[in-house]
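To find a chain, count down the sequence lines: A is the first, B the second, and so on, and within it residues start at 1.
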There are 2 protein chains.
Amino acid sequence: MPTISDVARAAGVSMSTVSYVLSGRRPISAETQARVKAAIAELGYHPHAGARALASSRTSVLALVVPLRVDVSVPVIMQFVTAVVTAARTYNHDVLLLTKDEGTAGLERVAGATMVDALIVMDVERDDVRIPALGRLKQPSVLVGLPDDAAGIACVDLDFAATAAECLRHLAGHGHRRIALVGPSPAVYERGTTYASRFLTGFTDAAAELGLETVAHPCGPGPAGVRECLAAIDAELPEVSALVVHNEEALPPLLEELRTRGRRVPADLSIVAVCPRDVAVGLPVRLTSADIPAHDVGTLAVETAMNLLDGRRTPGTRLLPPTIVERDSCSSRD
Amino acid sequence: MPTISDVARAAGVSMSTVSYVLSGRRPISAETQARVKAAIAELGYHPHAGARALASSRTSVLALVVPLRVDVSVPVIMQFVTAVVTAARTYNHDVLLLTKDEGTAGLERVAGATMVDALIVMDVERDDVRIPALGRLKQPSVLVGLPDDAAGIACVDLDFAATAAECLRHLAGHGHRRIALVGPSPAVYERGTTYASRFLTGFTDAAAELGLETVAHPCGPGPAGVRECLAAIDAELPEVSALVVHNEEALPPLLEELRTRGRRVPADLSIVAVCPRDVAVGLPVRLTSADIPAHDVGTLAVETAMNLLDGRRTPGTRLLPPTIVERDSCSSRD
DNA sequence: AGCGTTCGTCGAAGCGCTTCGACGGTGGGG
DNA sequence: CCCCACCGTCGAAGCGCTTCGACGAACGCT
C-alpha cells in the first residue's frame, strides 16, 4: 500500500502538497495538481482512513441505528436504509450500521471511539432513553421520528397528523361521512412510537373539522386481529362506508376478510391505506394510498446530518408533507 | 475526550501498560490492572478507533455489501443483515454497509482506505466481476452464494440442490408422483444468481433418482406471471398433484389464483415452498416449507470471516443443509 | 552463590495523515 | 523603485495508539 509520501516522491513534491491537492484546502497550481494526480493514479494510492481520522478528527462515516424486529414494516426500513446509504455516498460518507438492541451503549461506543461524524437514529420512541445519551455526545445526531422532547436534537419524519387529515379529506371529498380508522397494533401504541398517536390525533381533529362520524381502533396481528378490529368498529359505528388503514401488516388479511364477507372494495367499502407505494400496488386491489416516503425521509436525514456537520443552522424538526395517490380502492358515495 | 496517556497518568503507569491491559497481549499484575481499569472507568476513556487502526492496522469493522433492489426478497436480506451485525458484535466488530450498486469501486474504496478488516458480499452472481476485485484486496472476504469460480474465496450459502431434493423427497413420501417446480422469475436466471440453477439442478436430479414426473418453469412477477407459469406447467405435464414453489413473491398471487380456480390447498394440490419461516406462516394457508435460514447463513459468514482474520484455515465453501418444516399445505396422495 | 528465566513494566519509535507557520517569488500600488 | 500582499509550496509538529526491545526484580536451578 503506497502512502502519501510515496505519492509525494513520485510527483516530486512534498507530502503537504499532496494533501492539499486532495483536500483542496489551499491553492495548488494546475501543473502540480496534474502531476500529483497522475502519481496517485499510477500508484493506486488510497488515503488511510484511520490516519486521516486521527489527524483531522473527521471520519467520513455516519452511524445509522435501525430497529431489529419491530412493528415498523421491513420494506420501509429497507427503503430507508438504502436511501441513507445512497445519500451518504453523495456526500462521500459511508454508513456504519448499528442495531437498536444495543441501546445507548452502541451509540456511546461508536461516538466515544470517534468512529463516526454523526448519528442517525430510527424508530425513536416518545420518551426514548437514547435522547439524553445522544445529547452527551460530541457528534451531532438526527432522529427519525418525533419524541415528546427532542432536547434540541434535529428530527425528521413524515407529517403523520397532516397525513391523517389528508386521508379524511380525500374520503370526504368522495362523499363519505362515516369513516373508521384501522390503526397499528396495540403494541405500537404501547411502545410509544409517536407516529401512531400523531396519526390518531390528526385523524380525530380533522374528523371534527370536517364534521365526519368516525371511530378509531388498533388492529392486532393476523386474521384474528383484523376480525376483532372490524367487530369493534362495527359495534361502535355501524355501516361505515370507508376505512383508513394505517397498518401495513393488516392489509392482506383485511382484504381477505372483506372478500370472504362478500364486501367489495371499493363498491361496498372504500379504503385509503397508509403505506409505501409498492405495498399499495402489490395487493389484489390497487390501493389508493398516502405514501410513506421512506426514501425521502432517509435522504433528508442525511442532508440534515451534513448541515449539522457543516455548522449550518438547521430547523429543529422537518416534517414532510403527505402525498395521496389515487388508485382503485376508493369510490364516490352517491 | 481523555487519551490513553491521561489514563496512564491517572493510574500511575505508562501508556504501554494501559495498552497491554486493554489488549491482554502481555501479562499485567492484577493490582495494576485494577488501577488502570478504575482510571478508565472514572475518566470515561474510549480508545480512538482511528489511532488504533493506524497503529495496529486492524479496524474492528466488517464491510457488508447488500443488494439494493433485487429479486432477492427483502425480508431475507433484512434477516441476513441483522444476523451479520449481531454476529459481528459478538466478535467486537462493527459493520459498514455498502450497496451492490457501487460495484467494485466500493470494495476497492473501503479496502484501499483500510476502513475494514474483511468483507462479506451478498448476492454473488455466476461470473461476478467483483470476485477478481476481491482477490486483489489485502483483506479477506466471504461470498454469500456460489459463483462458478470462487477463485479461492470462501463461500457460504444454503445448499439449494439438497433443498430441492429434500422438497421432492418430502412430496414423494406423501405419494406424489407428478410434481411441478414454480421457479424464480426469469430475471433471476438471467442475472446469473446461481441459487436458481442450483435448485433446478437438484430438482431435476432428484426427480430422476426418485422416478418422478416433473416440470420446471420460471414464474414472472404478479398474478399475470403466476397464470402464465401455471398454464405452461399444465401444458407440459397435466394434472400435477403437487407444487414446489421456489419464489417468495409468487406465493401470495399463486394462492389467490388457486383459490379463484377452486383448487384447494392441500386437498386438491399440495405445496412445498422455499422461503423463510415467517413468510410460510404469514399466508392464508400455513405452508409446509424448506426454510431459508438467512440468520444462520449470516452468522456463518461472520464466523468464516473471523476465522480468516485469525489465519485459521477454513473450508472454501460451506453449504448449510436444508430443513423442511411440515405445516398445512401438504396432503398424502392415497 | 551464581546463572538463566520469567514476570511486569517502561520508553520510544513509528503508523499515515492534516495543518500551521514560514518562505521565496511574483505582481501591483504608492 | 520599493514594499506589501498574495500565491504556491515546504517542513515539521502533532493526532492517539500499538508494539518491540530493554530492564530490574524475583525466582528456581545447579
Side-chain angles (χ1 to χ4, degrees), chain A residues 1-37 39-40 43-61 92 109-117 138 309, chain B residues 1-37 39-40 43-61 92 109-117 138 309:
Chain A
M1 292 275 96
T3 73
I4 198 173
S5 76
D6 295 326
V7 174
R9 198 173 320 118
V13 298
S14 72
M15 281 171 47
S16 42
T17 300
V18 176
S19 180
Y20 287 126
V21 168
L22 253 19
S23 69
R25 280 166 137 29
R26 284 201 184 172
I28 299 290
S29 71
E31 358 171 23
T32 305
Q33 288 213 27
R35 257 184 305 138
V36 169
K37 284 177 181 163
I40 288 175
L43 297 178
Y45 167 72
H46 288 272
H48 186 292
R52 193 194 277 263
L54 179 55
S56 68
S57 31
R58 273 176 279 105
T59 63
S60 294
V61 177
N92 266 305
R109 181 168 48 79
V110 298
T114 324
M115 298 180 78
V116 302
D117 291 339
K138 64 173 192 293
L309 284 177
Chain B
M1 292 273 96
T3 73
I4 198 172
S5 76
D6 296 326
V7 174
R9 197 172 322 119
V13 299
S14 71
M15 280 170 49
S16 43
T17 300
V18 176
S19 181
Y20 288 125
V21 168
L22 252 19
S23 69
R25 281 167 148 5
R26 284 202 184 171
I28 300 290
S29 71
E31 0 171 22
T32 305
Q33 290 215 25
R35 257 183 308 137
V36 169
K37 283 178 181 162
I40 288 176
L43 298 178
Y45 166 71
H46 288 272
H48 186 291
R52 193 193 276 261
L54 179 56
S56 68
S57 34
R58 272 177 278 106
T59 64
S60 293
V61 176
N92 267 303
R109 182 168 49 79
V110 299
T114 325
M115 299 180 77
V116 301
D117 291 340
K138 62 175 196 290
L309 284 176

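Among the heavy atoms of the strands lying under 4.0 Å from B:P27 is at least one base atom, whether or not backbone atoms are also near.
Rounded to a whole Å, the CZ atom of B:R9 is 19 Å from the P atom of C:dT9. We find that CE of A:M115 is positioned 15 Å from C1' of D:dC17, with the value rounded to whole Å. Atom pair B:H46:NE2 and D:dC17:P shows a separation of 12 Å (rounding to whole Å applied). The separation between A:E31 atom CD and D:dC7 atom P is 17 Å, rounded to whole Å. Atom CE in A:M15 sits roughly 11 Å away from atom C1' in D:dC10 (whole-Å rounding). As a whole-Å value, the separation of B:R58 CZ from D:dC17 C1' is 12 Å. Per the geometry, CD1 belonging to A:I40 stands 14 Å off C1' belonging to C:dG16, to the nearest Å. For B:Q33 and C:dG8, the CD to C1' distance is 11 Å, given to the nearest whole Å.
Separation of atoms OG1 (A:T17) and CZ (A:R35) is listed at 9.0 Å; rounding is to 0.5 Å. We find the CZ-CE distance between B:R52 and A:M115 to be 9.5 Å, quoted to the nearest 0.5 Å. Atom OH of residue A:Y45 and atom CE of residue A:M1 lie 11.0 Å apart, to the nearest 0.5 angstrom. To the nearest 0.5 Å, atoms NE2 (B:H48) and CD1 (B:I4) are separated by 13.0 Å.
Residue A:R26 has no polar side-chain atom (N or O) positioned under 4.0 Å from OP1 or OP2 of D:dG8. At C:dT9, one or more side-chain N or O atoms of B:S29 fall inside 4.0 Å of OP1 or OP2 (strictly under the cut-off). For C:dC10, one of the phosphate oxygens OP1 or OP2 lies less than 4.0 angstrom from a side-chain nitrogen or oxygen of B:S14. OP1 or OP2 of C:dT18 has at least one side-chain nitrogen or oxygen of A:S19 nearer than 4.0 Å. Between B:T17 and C:dC10 there is a side-chain polar atom (N or O) within less than 4.0 angstrom of OP1 or OP2. One finds no side-chain N or O of B:R25 lying less than 4.0 angstrom from the OP1 or OP2 phosphate oxygen of D:dT18. Dashed line: the shortest gap from a side-chain N or O of A:Y20 to OP1 or OP2 of D:dG11 is not under 4.0 Å. Between A:T3 and C:dG16, a side-chain N or O to OP1/OP2 separation shorter than 4.0 Å is absent.
The side chain of B:V13 lies closest to C:dC10, out of C:dT18, C:dG16, C:dC10. Here C:dC17 is the nucleotide among D:dT18, C:dC10, C:dC17 with the atom lying nearest to any side-chain atom of A:Y45. Among C:dT9, D:dC17, D:dT19, the nucleotide with an atom closest to any side-chain atom of B:I28 is C:dT9. Taking only side-chain atoms of B:I4, from C-beta outward, the nucleotide of D:dT9, C:dC17, D:dT18 with the closest atom is D:dT18. Looking at the side chain of B:L54, the nearest of the listed nucleotides C:dC17, D:dG16, D:dC10 is D:dG16. Comparing atom distances between the A:A55 side chain and each of C:dT18, D:dG8, D:dT19 picks out C:dT18 as nearest.
Nearest heavy atoms, B:A8 versus B:V18: CA-CG2, 3.7 Å.
The side-chain heavy atoms of A:I28 and A:V13, taken from C-beta on, include no pair separated by under 4.5 Å.
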